[in-house]
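Below is one structure; the comments refer to it alone.
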Amino acid sequence: MTTTLWHNARIATLDPAHGANGWGLIEDGALLTAGGQIAWVGRNRGLPSHARPAHEIDLGGALITPGLVDCHTHLVYGGQRAAEFEQRLNGASYEAIARAGGGIRSSVAATRAASEEALLASATQRARCLMAEGVTTLEIKSGYGLSLEAEARCLRVARRLGVDQRLDVRTTFLGAHALPPEFEGRPDDYIAAVCAWLPDLHAQGLVDAVDAFCEHIGFSPAQTRRVFEAAKALGLPVKLHAEQLSDQGGAALAASFGALSCDHLEHLSEAGIAAMKAAGTVAVLLPGAYYFLRETKLPPIAALRAAGVPMAVSTDHNPGTSPGLSLLLMASMACTLFRLTPLEAVQGITLHAARALGLTDRGQLAAGQRADFVAWELDHPNELAYWFGRNPCRRVIAAGLERT
């Protein structure tokens, strides 16, 4: 197994063992990697005497952080919806746009019409934008196919993207995203179909987790429960688009299934917070959607903080409500719009984002963790949430190998 010493760096481990007010800063730091894992991290002069690295790489005094994790995206889809954005700003309502064939259904039509290769090409361009800013782990949801064939195609594209780009991609089946036109007026029948598709998709190795949109314009708590029960029968973890537009009690429902995360949460109740805390469920904040939709009701950040519910931050990249492709911008928005501290925002795109995917082997820099880290042209990690409109990423190491 190849060992490499990465030295001459200021390292923000995010490991409480190193103190520094949560940042876990190590001055004059170094990391020893063995294959795709971190074998040791500490001060240069503290390198174990028995260590004999095969390679040494000078990081030039760069700031080092864990690799970034984007834990909620809808990256695979056909077409785009810039015309609808313009229509809304000219006064058209979402309902009017949907009645005219727009909204999610327009993305479904474009996705169904696109070939697997076309979907891969467009998703690759988007993924590379995120990767250029230090993203090493990426979640991709389906949900714009809404048929067994089209959902499988989207999930295959997500799997291929991870292989082609040396990017760790986690796939989430979001069949319960919207009602497709062929099931108009028959939501219970559609949920039955979604539950029937899941074993096949799982058998193909395409599903890491299962999600649903529990909302008055999506699916009811009872329908969401049916999807979660189907996931539980297969041993698949669940997560939920919860309490974005109204309080449906979705967070408490998801927590009762031990959900990895509940996402959006603008209308989250105290009962929902308590249920998430008890279940260890991560709150995923999506400031891009809040900004793009010009929402005014903030998620209950202070209550989540007081309860000790971990908060992740993600792009929610999708063509309709959050077309952003910068996780660093989302960290900045999480501070300015949601009043997270810079430490909370950076933990939200590293440590807590990893936990929102059920991953405990990344998000911090410590022995035994996956060797995903980023070198930044910055002095302090709080600058990751301070700057916007520039990319300070200098180099990215994923699973111990530098990306070129």
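Excluded from the calculations below are hydrogen atoms, water molecules and symmetry mates; all remaining heavy atoms, backbone and side chain alike, are included.
The distance from atom OG1 of Thr321 to atom NE2 of His74, rounded to the nearest 0.5 Å, is 7.0 Å. The OH atom of Tyr77 lies 15.0 Å from the OG atom of Ser142; values are rounded to the nearest 0.5 Å. The distance from atom CG of Leu304 to atom CZ of Phe338, rounded to the nearest 0.5 Å, is 11.0 Å. Distance check: Leu155 CG to Gln204 CD gives 9.0 Å after rounding to the nearest 0.5 Å. In this structure, OG1 in Thr73 is found 11.0 Å from CG in Leu286, a value given to the nearest 0.5 Å.
Remark: Gln248 pairs with Ser246 by the side-chain hydrogen bond (donor to acceptor under 3.5 Å, both in side chains) rule, at least two apart or across chains. Evaluation of the ring-ring contact (aromatic ring centres under 6.0 Å, His included) rule for Phe85 yields Phe292 as partners, not counting sequence neighbours. Annotation: side chain to side chain contact (heavy atoms under 4.5 Å, CB included) contacts of Leu351 (sequence neighbours excluded): Arg355, Gln364. In this structure Phe219 satisfies the ring-ring contact (aromatic ring centres under 6.0 Å, His included) test with no other residue, sequence neighbours excluded. His352 is linked by a ring-ring contact (aromatic ring centres under 6.0 Å, His included) to nothing, counting only residues two or more places apart in sequence or in another chain.
In this structure, the side chains of Arg170 and Leu359 come closer than 4.5 Å at one or more pairs of heavy atoms. Annotation: side chain of Leu365 is not in contact with side chain of Asp15 (no heavy-atom distance under 4.5 Å). Taking 4.5 Å as the limit, some side-chain heavy atom of Leu328 sits within range of a side-chain heavy atom of Pro392. For the pair Ser332/Tyr386, no side-chain contact is recorded, criterion being any heavy-atom separation below 4.5 Å from C-beta on. Side-chain contact between Asn382 and Trp23 is present, with at least one heavy-atom pair separated by less than 4.5 Å. At a threshold of 4.5 Å between non-hydrogen side-chain atoms, the residues Leu325 and Leu75 count as touching.
Annotation: Phe183, atom CZ; neighbour count of heavy atoms from other residues, nucleotides and ligands within 6.0 Å is above 12. Crowding of Arg45 atom CZ: a count of heavy atoms from other residues, nucleotides or ligands under 6.0 Å not exceeding 12. A 6.0 Å sphere centred on CD of Gln87 holds more than 12 heavy atoms belonging to other residues, nucleotides or ligands.
A side-chain donor-acceptor contact under 3.5 Å links Glu84 and Ser106. No side-chain N or O of Thr124 forms a donor-acceptor pair with one of Gln165 less than 3.5 Å apart.
Nearest heavy atoms, Thr111 versus Ser107: OG1-O, 2.7 Å. Nearest heavy atom pair, residue Leu240 against residue Ala212, reads CD1-O, 3.2 Å. In plain terms, the two heavy atoms of Arg394 and Gly60 that are nearest each other are NH1-O, 3.8 Å. Across every non-hydrogen atom of Asp58 and Arg395, the tightest pair is O-NH1, 3.7 Å. Residue Ser261 comes nearest to Val284 through the heavy atom pair CB-CG2, 3.7 Å, listed as atom of the first residue, atom of the second, then distance. Pairing each heavy atom of Gly363 with each of Leu14, the nearest pair is O-CD1, 3.9 Å.
Comment: Glu117 engages Arg160 in a salt bridge, judged by a side-chain N to carboxylate O separation of less than 4.0 angstrom. Looking at Lys297 and Glu295, no side-chain N of the basic residue comes within less than 4.0 Å of a carboxylate O on the acidic one, giving no salt bridge.
Ring geometry for His241 versus His177: interplanar angle of 30 to 60°, hence tilted.
Distance alone, capped at 3.5 Å, is enough to place a donor-acceptor pair between the Ser322 side chain and the Thr315 backbone. Of the possible donor and acceptor atoms, one in the side chain of Gln369 sits under 3.5 Å from a partner among the backbone N and O of Arg362.
Under the salt bridge (charged side-chain N to carboxylate O under 4.0 Å, His left out) rule, Arg112 has a single partner from Glu151, Glu182, Glu149, which is Glu182. Screening Asp164, Asp168, Asp208 for a salt bridge (charged side-chain N to carboxylate O under 4.0 Å, His left out) involving Arg159 leaves a single residue, Asp208.
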Could you walk me through whether Phe213 and His264 pass ring-ring contact (aromatic ring centres under 6.0 Å, His included), step by step? CA-CA 11 Å; Phe213 183 35; His264 286 290; 7.5 Å; no
Run the numbers on Arg339 and Glu344 for salt bridge (Lys or Arg N to Asp or Glu O under 4.0 Å), then give the verdict. CA-CA 10 Å; Arg339 299 297 188 265; Glu344 288 172 330; over 6 Å; no
Pair up each side-chain donor or acceptor in residues 24-40 with any protein partner under 3.5 Å, not counting sequence neighbours, and list the distances.
from: Glu27; atom 1: OE1; to: Arg10; atom 2: NE; distance (Å): 3.0
from: Glu27; atom 1: OE2; to: Arg10; atom 2: NE; distance (Å): 2.7
from: Glu27; atom 1: OE2; to: Arg10; atom 2: NH2; distance (Å): 2.7
from: Asp28; atom 1: OD1; to: Asn44; atom 2: ND2; distance (Å): 2.6
from: Thr33; atom 1: OG1; to: Thr4; atom 2: O; distance (Å): 3.4
from: Thr33; atom 1: OG1; to: Trp6; atom 2: NE1; distance (Å): 3.0
from: Gln37; atom 1: NE2; to: Gly368; atom 2: O; distance (Å): 3.2

